[in-house]
Amino acid sequence: MKTEYSTGLRHSIIGALKNKNLVFVVLLALIFHGQSAAQEPKVDLIIDSILPVHLEEVIVISSYNKALEHKSHHKPLSTLDEYLESSKKVNMIKRGAYAWEPVLNDMSSERLSVTIDGMRIFGACTDKMDPITSYVDVSNLSDVHVASGQQGAEQGATIGGAIDLRLEKSNFNPKGWVGSIETGGETNNEAQIIGGELNYSDEAFYVDTDVIYRNAENYTAGGGEEVAFSQFEKYNISANAGYKVSDDQQLLASFIYDEARDVGYPALPMDVSLAQAFIGSISWKQSNFIGDLKNWETKLYANSITHIMDDSQRPDVPIRMDMPGWSDTYGYYSQAELTLNRHKFLMKLDGFYNRSLAEMTMYPNNPNEREMFMLTWPDVRTINSGFYAEDEISLKESSLKLSTRLAVQGFNVADEFGLNSLRIFYPEMSQRQTRFLKSVSAAYHKKFKTLHINGGLSYGDRAPSVSEGFGFYLFNSFDNHDYIGDPDLKNEKAIETNVKVSLPLKKVNIGLEANYFHTMDFIIGEVNPDLSVMTIGAQGVKVYRNLEYADLYNISLDTKYEITPEFLWTGLISYHRGTDQDGRNLPFISPIAYNSMVQYTTGSFSGSLTMRGAADQVNFNPVFGEDRSNAYTVFSMALGKSFPVNNDTVYVKAGVENIFDEFYSTYSDWNNIPRMGRNFFMTVSYAIN
Amino acid sequence: MKTIKFFLVALILSMTFSSCSDNNDDSIIISENPLEDFNMLTSFKANNHSVEIYSEQQQFSVGYNELFFRIKDDASDSYIKNADVSWKPVMHMTSMMHSCPNSTVSKTNDASVYTGYTVFQMPGNADEYWELTLEYTVEGQTYNATERIEVNAPADGKKTVNVFMGSDDTRYVLAMMPMTPEVAVNDFSAMLFKMENMMSFPAVENYKVHIDPRMPGMGNHSSPNNEDLTFDTSSNMYTGKLSLTMTGYWKINLKVENETEEILKGEDITEENESSSLFFEIEF
């Protein structure tokens with residue numbers, strides 16, 4: 001039996017917590033004295049493993065075999081949102097300090113397929129305050145797979161791509177008992193983090209359990225301004241287990257419970273008193289299946305989300321309201337692989353059933369008047385059944401991947417009250433509808449000596465989301481409009497091309513990547529001047545409709561230079577553009593963004609200096625509530641050093657984010673809420689060998 | 001087997017009985033009150049007859065009242081069928097008397113039940129009261145019965161009737177028809193009467209009633225796809241569609257327009273003007 005402990009303590013150097021934490025560290029050091037072997041704490045970079053054809057980015061969250069968890073990130077124990085934001089492809093829309101919404105190729109939730117271990121989950125908030133990424137935590141993830149465009153079709157119908165959050169599993173590694181405890185603190189927002197895990201694994205059985213708790217107060221923007229209602233509190237418990245029925249057969253199960261309370265959304269008029277998720281699955285894995293079919297995996301899953309939005313903490317509101325929402329999903333997938341000569345096939349059958357219900361109750365200021373009630377999501381039942389197949393063909397010095405997804409998706413507005421509500425707008429609307437979704441894609445990878453060229457062409461479509469199709473007076477505080485869904489929307493279709501040229505040399509690695517989405521029937525809300533605003537203070541009412549088309553471009557240049565074996569420089573610059581058929585700018589399109597990092601690593605010491613920034617947002621659109629976000633550059637640095645203490649290792653990491661306390665907000669900050677100002681952090685980890 | 005037989009017999013018997021009772025409607029009527037699903041608002045005696053007045057409502061209310069009544073001959077303890085009946089509601093005010101819009105009395109499918117409606121413009125009070133006079137003719141003999149009735153404001157206090165002076169110097173009574181509001185597009189109707197004199201309120205045809213539903217408690221917002229009320233000759237009412245997008249308190253702002261498209265009363269809702277002088281109220 002082997003036990004591993006690690007503890008991360010992070011605090012501001014000037015913080016009030018400092019003395020307390022130091023005492024704690026010393027105490028820990030005193031308690032855990034024992035044998036030591038010089039361990040080399042290596043700061044792992046975020047690894048982009050380019051698979052033969054896939055243009056997939058893998059964001060490593062924990063490397064399981066390392067004693068110190070979450071070390072791969074420059075700031076251990078940061079939120080999953082911060083991990084995702086530090087990746088190359090994913091951006092985050094922020095409505096506060098918690099539950100950021102991932103954006104990939106300038107497209108967010110409705111155009112992405114976000115899954116947890118392949119499980120479809122849909123947020124229960126009509127205002128997108130609970131992206132799926134908010135229901136897991138770094139404690140239970142091993143990595144995040146980001147697939148751009150139709151390369152993500154394996155996980156479901158998508159336009160922008162797929163983000164699959166993969167759970168960490170011991171996977172029958174015969175390691176026996178493994179445990180760890182982590183704690184952290186932060187002074188900018190007085191964050192406290194405590195987490196732990198206890199795993200047991202042998203060759204026939206494993207069980208992993210972990211828990212993490214986070215509590216943060218309001219954060220302070222650059223220049224010292226406190227951002228009110230940016231607090232949050234959350235905890236996450238997860239367990240997964242596996243049992244080898246035979247050498248060839250595995251039975252796996254996983255369960256996650258996530259609960260956030262008192263989450264403030266400074267950019268919105270309402271907060272969340274409770275966001276709760278139950279996520280569970282059972283799967284069967286078998287390396288040999290029928291005939292030549294291999295690696296058969298079947299998973300059954302279910303999840304249930306409750307999201308309670310209210311404004312009870314806000315001092316001044318025109319009217320009090322409650323907006324709870326519920327989303328339950330049940331689904332399965334079953335997949336198998338087949339290898340024939342040069343062909344490697346993957347076939348997958350999948351399906352899900354989702355129920356989305358949300359309501360809104362407004363309490364009149366006149367106590368004699370009755371409550372005002374409406375269904376904002378009218379109990380929409382979505383049923384989707386799909387088939388996915390891909391063939392990866394190995395050719396000489398090149399490979400080709402062909403894939404397709406075909407799916408049938410049905411909607412049923414189950415609630416009579418909600419159906420009648422929508423029929424106010426659409427008298428002829430039918431209660432049920434069926435849509436056919438299809439995707440085809442080809443990706444090619446060719447190697448010319450040291451030069452790699454990837455290219456792809458694909459077509460895919462998606463059905464409208466519940467809000468787009470059936471939303472009823474959903475207030476969007478970004479453009480200050482009420483939104484009404486349209487059940488008669490056409491499917492959104494995209495033709496996508498992408499090219500990547502990469503030159504991995506001995507010391508230099510240069511990659512240039514570009515993609516282009518020509519999206520027909522692009523779904524977006526447009527003002528309908530005939531409709532009367534429901535929300536007090538809103539400017540107008542928008543109804544979702546199909547634009548003729550929209551064009552989205554993303555170009556990025558990614559470089560890596562190993563100056564000396566110790567010195568590494570990486571840089572990334574990206575350009576994004578999105579317009580519709582009339583040349584109007586689309587919302588939430590990143591301006592030119594860049595980041596650059598110098599890293600120094602020797603034996604026990606590591607240091608990094610990071611610069612991140614963006615140019616002025618030249619292409620914005622006031623019609624969609626945007627204004628010009630100014631250019632900014634922020635610097636962060638971190639230093640890490642390991643010390644042998646007896647035979648164990650103490651790993652210290654200290655750093656400062658936003659060194660110059662810059663006051664800034666980016667294009668993706670909802671209503672321009674400012675970002676966090678200067679923040680010192682320090683991590684002390686203790687590992688027992 | 002015995003039990004099965006028993007059940008079979010029981011089943012057949014019960015079917016026989018129920019089919020018998022289906023065929024014997026006449027006998028049932030005598031023993032059952034055809035108005036038992038309604039509320040008896042009042043009953044009174046006159047001319048050795050008992051008059052019973054029923055309604056779906058709990059009380060005589062300001063606004064539209066659909067009433068059912070029957071007259072019992074106390075001597076024979078039977079209800080008088082096929083009488084010729086007329087009525088007149090009269091308000092006794094301190095300084096004057098007036099009537100209100102009302103229908104003629106008609107017979108229902110049940111020959112002993114008569115029906116009609118009244119539109120009370122105001123409630124009674126300590127000094128002022130409504131009186132209902134019935135005149136009915138049975139077998140050539142005409143009787144009169146007059147009773148004071150208690151007319152109250154609606155229990156929920158919501159306005160369902162408007163009395164107004166139009167720009168044509170005519171006094172009108174506009175009454176909302178009872179409805180069960182839902183979050184949906186509702187059928188919505190109203191009746192419009194002209195006050196010819198204190199006692200005569202003929203229905204007005206072919207005008208138009210514009211509706212603009214608003215929620216004063218929620219920024220005075222409106223709803224889409226409403227249809228103004230136009231005159232429907234078959235029902236003799238003004239009918240249209242009312243969209244209610246949520247539950248709660250709605251104010252239905254009104255404008256009455258005559259045949260020459262002249263607005264007789266009511267104003268548009270604007271930023272400055274939150275309410276028309278003419279409106280109905282709904283809360284659910």
**Prompt:** What heavy-atom pair brings Met218(B) and Thr535(A) nearest, and what distance separates the two atoms?
**Reply:** CE-CA, 4.1 Å
Heavy-atom count check: over 12 atoms from other residues, nucleotides or ligands less than 6.0 Å from [X] [atom1]?
X         : atom1 : result
Glu274(B) : CD    : no
Glu259(B) : CD    : yes
Glu150(B) : CD    : no
Lys159(B) : NZ    : yes

**Item:** Any Met246(B) side-chain heavy atom under 4.5 Å of Met360(A) side chain
**Value:**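 Heavy-atom side-chain distance check fails, nothing below 4.5 Å.
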**Asked** Does Met374(A) reach the side chain of Val183(B), with side-chain heavy atoms less than 4.5 Å apart?
**Response** no
**Request:** Identify which of Pro318(A), Ser421(A), Ala538(A) forms the greatest number of heavy-atom pairs closer than 4.5 Å to chain B.
**Result:** Ser421(A)
Gap separating the [atom1] atom of [X] from the [atom2] atom of [Y], nearest 0.5 angstrom:
X         : Y         : atom1 : atom2 : answer
Tyr473(A) : His221(B) : OH    : NE2   : 5.5 Å
Leu244(B) : Asn420(A) : CG    : CG    : 11.5 Å
Thr245(B) : Met372(A) : OG1   : CE    : 10.5 Å
Asp212(B) : Ser532(A) : CG    : OG    : 8.0 Å

**Request:** Mark yes or no for whether Asn225(B), through its side chain, and Ile424(A), through its backbone, hold a donor-acceptor pair below 3.5 Å.
**Result:** yes
**Message:** Please classify the contact of Met534(A) with chain B as side chain, backbone, both or neither, using a heavy-atom distance under 4.5 Å.
**Reply:**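 Interface part for Met534(A): both.
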**Item:** Contacting moiety of Asn368(A), where chain B heavy atoms sit under 4.5 Å
**Value:** backbone
**Request:** Go through Met215(B) and Glu369(A) one step at a time and tell me if the side chain to side chain contact (heavy atoms under 4.5 Å, CB included) criterion holds.
**Result:** CA-CA 11 Å; Met215(B) 290 200 98; Glu369(A) 282 180 19; over 6 Å; no
**Message:** Shorter than 4.5 Å, heavy atoms on both sides: which option in Ser223(B), Ala184(B), Pro216(B), Ser243(B) has the most such pairs with chain A?
**Reply:** Ala184(B)
**Prompt:** Between Pro224(B), Gly248(B), Gly157(B), which has the largest tally of heavy atom pairs under 4.5 Å with chain A?
**Reply:**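 Winner by heavy-atom pair count: Pro224(B).
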